[in-house]
Amino acid sequence: MGMRKLIEEYPFSGLFYRTFIDDSKPLIEQVEEKLELLKTKCDIQQVSQSDGGNFFNASFKIYIPINTNSKLKVQRGDLFEGDMYGMAVNGEIIGIYASQLGGCTIYIKDRDV
């Protein structure tokens, strides 16, 4: 009889970040850079998808653990990248819903169109 794998609460890892251009650098060096906000373990679930002709849209729920005594570092408009079973997931935050129980649900809209 084989062993059953236990279900992990947060089986993936992800990065929340925002992009910026440092205008204090010389013009030729002014490129879009990532400001890392939060690296965390997470769970990723696809919520919806649609195929509008030449465009494919998807949205995902990202579940993360949080410390309810500290301020959440991410906000709407920030970006996320992660990996779910070998599939790249990246998108823009469109909603954040924290719980007093120590978890947070973050909705993202897929950026791969």
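Quick note: residue numbers are just sequence positions, from 1. Bear in mind the structure is a predicted one, so any value in this text is a computation, not a measurement.
Using a 4.5 Å cut-off on side-chain heavy atoms (C-beta onward), Pro65 and Lys41 make contact. Side-chain contact between Asp43 and Pro11: present, with at least one pair of heavy atoms (C-beta onward) separated by less than 4.5 Å.
Tyr17 and Ile64 are not part of a single hydrophobic cluster, where members link through side-chain heavy atoms under 4.5 Å apart. The same ILVMFWY cluster, assembled from side-chain heavy atoms under 4.5 Å apart, contains both Phe12 and Phe16. Cluster membership check: Ile62 shares its hydrophobic cluster with Tyr85, using side-chain heavy-atom separations under 4.5 Å among Ile, Leu, Val, Met, Phe, Trp and Tyr.
Summarising the geometry, atom CZ belonging to Phe60 is positioned 6.5 Å from atom CD1 belonging to Ile108; distances are rounded to the nearest 0.5 Å. The CD1 atom of Ile66 sits 8.5 Å away from the CD1 atom of Ile106 when rounded to the nearest 0.5 Å. Here the straight-line distance linking atom CG of Asp78 with atom CD1 of Ile94 works out to 13.5 Å at 0.5 Å rounding. Distance check, rounded to the nearest 0.5 Å: OG of Ser24 to CD of Glu29 gives 9.5 Å. To the nearest 0.5 angstrom, Lys73 atom NZ is 12.0 Å from Lys39 atom NZ.
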Candidate pair Val89 and Met87, rule side chain to side chain contact (heavy atoms under 4.5 Å, CB included), full reasoning: CA-CA 6 Å; Val89 176; Met87 180 182 83; 3.8 Å; yes
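Heavy atoms from other residues, nucleotides or ligands lying under 6.0 Å from CD of Glu9 number 12 at most.
Smallest separation of non-hydrogen atoms from Ala58 and Gln46: CB-NE2, 3.9 Å.
Between the side chain of Gln30 and the main chain of Ile21, no donor-acceptor pair closer than 3.5 Å is present.
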